[in-house]
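Notes for the one structure printed next.
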Amino acid sequence: MDLKERVERCLGSDALSVTEYRGDITVEVPRRRIITVLKKLKEAADLEFDFLTDLFGVDNLDLYKKKKKKKGDEEEAEKGAQEPQPPRFEVNYLLQSLKSNERLRVKIQVPEDDLEVESATVLWKAADWPERECFDMFGIRFKGHYNLKRLLMWDEFPDHPLRKDYPLEGKGEERHFPVCEF
Amino acid sequence: MGIEAYVGGGWLLTKAEQLINWGRSRSPWPLPYGTACCGIEMMCALAASYDMARFGAERPSFSPRQADVLIEAGTITKKMVPVLRTIYDQMAEPKWVFAMGACACSGGVFRTYSTHQGIDDIIPVDVYIPGCPPRPEGLLYALLKLMDKIKGDHPLRKKVVEALGASHGS
Ligand code: SF4
């Protein structure tokens with residue numbers, strides 16, 4: 001049985017969509033079920049995704065708007081504006097099975113007004129730093145992470161720089177520190 | 001004979017200064033501070049084929065307290081700024097600084113939220129080395145420039161003036 005079918009059978013109704021693009025399989029799951037889903041994928045005998053390669057956030061701000069603009073169809077755009085927009089943020093989990101060397105991407109959507117996701121550190125220690133990075137860059141909080149501090153920026157940094165509405169040059173933040181005078 | 005006799009570049013003072021400058025300019029022990037790709041080029045300059053030791057930069061000193069020249073090779077992120085300043089403060093006088101590469105001089109291609117735009121507003125820089133990255137020859141040239149600079153220095157005259165200022169004050 002190919003991977004897609006096995007994933008679908010393992011997750012059942014938790015798999016909102018399973019898409020295949022050039023041999024890579026992406027499965028989208030509900031946000032609140034993420035740990036259950038990952039656990040299932042990790043432990044199912046015919047899948048055994050036992051290795052977390054990476055975990056990262058995505059900011060889709062303006063992505064859907066731009067698509068509609070390109071069409072140039074105003075009626076369509078208006079209709080689009082009334083449609084509920086997909087949540088702004090995503091968190092992607094890249095899994096690998098060291099046994100069968102298969103890979104899988106698990107995706108959850110995170111709305112802007114509720115940036116909380118269960119931490120995957122209960123399943124993989126490797127989720128520690130990627131989750132901290134994701135928190136640092138996007139402000140997504142991982143519930144149950146034992147040390148959710150900024151990873152790349154300094155502790156007092158006020159913003160989340162990989163968000164699309166944050167300017168590349170920054171907003172003039174500087175790190176302040178005491179200088180010893182002679 | 002008081003120390004006043006030496007002020008104004010007398011023969012003894014001049015000769016002593018020359019001796020000190022000769023010694024200093026021929027033993028600028030570097031502190032390698034490679035934070036990015038420029039660091040690789042610096043290592044190359046220190047290694048056998050370019051052999052910076054020829055000019056007296058004999059021993060890369062990994063302790064700031066035993067180093068004379070801070071070679072800042074690479075990007076300085078804003079998070080790194082206090083570390084760089086602390087390291088500079090820990091170096092004993094006399095000390096000199098190279099800003100190696102576009103990143104250290106001006107932030108280079110990284111005009112971003114995380115990169116400090118040039119190290120010269122944290123610490124004083126003696127020689128700027130342009131390039132992305134500069135070739136090892138660039139670093140050697142900077143070292144020769146620094147040797148010239150040291151040779152024109154007046155280490156004792158400053159001390160004498162300071163001492164005189166202090167004694168006049170009391
Ligand atoms: S100047 Fe160029 S080579 Fe040097 S650290 Fe910056 S990007 Fe790297």
Side-chain angles (χ1 to χ4, degrees), chain A residues 54-63 88-91 110 112 115 128-142 145-182, chain B residues 31 33 35-37 63-65 67-68 70 72 74-97 102-126 155 158-159 161-163 165-166 169:
Chain A
D54 200 2
L55 181 169
F56 54 87
V58 177
D59 182 358
N60 284 332
L61 183 75
D62 287 352
L63 177 74
R88 177 169 168 191
F89 294 102
E90 272 174 17
V91 178
V110 186
E112 198 175 357
L115 294 166
D128 182 354
W129 279 20
E131 283 185 355
R132 280 176 62 187
E133 187 202 17
C134 193
F135 164 69
D136 190 356
M137 293 291 140
F138 296 98
I140 296 169
R141 287 182 304 279
F142 290 88
H145 192 290
Y146 66 95
N147 183 25
L148 195 64
K149 289 191 304 187
R150 285 180 181 277
L151 180 68
L152 299 169
M153 307 309 287
W154 58 99
D155 286 343
E156 301 81 34
F157 192 77
D159 223 309
H160 299 290
L162 274 195
R163 289 188 175 187
K164 291 286 183 217
D165 49 5
Y166 184 86
L168 176 64
E169 300 81 23
K171 295 177 180 169
E173 296 92 349
E174 292 292 341
R175 188 170 181 191
H176 297 289
F177 59 96
V179 178
C180 54
E181 301 289 348
F182 295 104
Chain B
L31 169 64
Y33 193 79
T35 45
C37 11
S63 152
R65 295 178 205 281
D68 303 304
L70 174 64
E72 207 301 287
T75 324
I76 286 295
T77 57
K78 286 180 180 169
K79 193 174 181 179
M80 195 81 175
V81 165
V83 180
L84 178 63
R85 178 70 206 206
T86 311
I87 288 198
Y88 178 78
D89 285 344
Q90 282 175 342
M91 288 169 69
E93 294 277 358
K95 52 190 172 185
W96 297 277
V97 177
C103 286
C105 296
S106 69
V109 291
F110 304 109
R111 175 131 189 76
T112 60
Y113 58 90
S114 59
T115 311
H116 197 82
Q117 304 295 309
I119 61 167
D120 48 5
D121 53 2
I122 321 165
I123 55 178
V125 175
D126 291 284
K158 271 184 234 154
K159 280 232 159 61
V161 170
E162 268 168 31

Checklist entry - Relative to chain B, which of Met153(A), Glu173(A), Lys171(A) shows the most heavy atom pairs under 4.5 Å? => result Met153(A)
Checklist entry - Do the charged groups of Arg88(A) and Asp59(A) touch, with an N to O distance under 4.0 Å? => result yes
Next on the checklist: Counting C-beta onward and ignoring hydrogens, is there a side-chain heavy-atom pair between Trp154(A) and Lys79(B) closer than 4.5 Å?
Outcome noted: yes
Checklist entry - Quick one: are Tyr166(A) and His160(A) in side-chain contact, heavy atoms under 4.5 Å? => result no
Checklist outcome for this item: Filtered by a 4.5 Å non-hydrogen cutoff, the part of residues 113-125 of chain B contacting chain A is Tyr113(B), Ser114(B), His116(B), Ile122(B)
Checklist outcome for this item: To the nearest 0.5 Å, atom NZ of Lys95(B) lies from atom OH of Tyr88(B) at 4.5 Å
Checklist entry - Is Arg132(A) paired with Asp136(A) through a side-chain N to carboxylate O contact shorter than 4.0 Å? => result no
Next on the checklist: Quick check: do Met80(B) and Thr35(B) have side-chain heavy atoms less than 4.5 Å from each other?
Outcome noted: yes
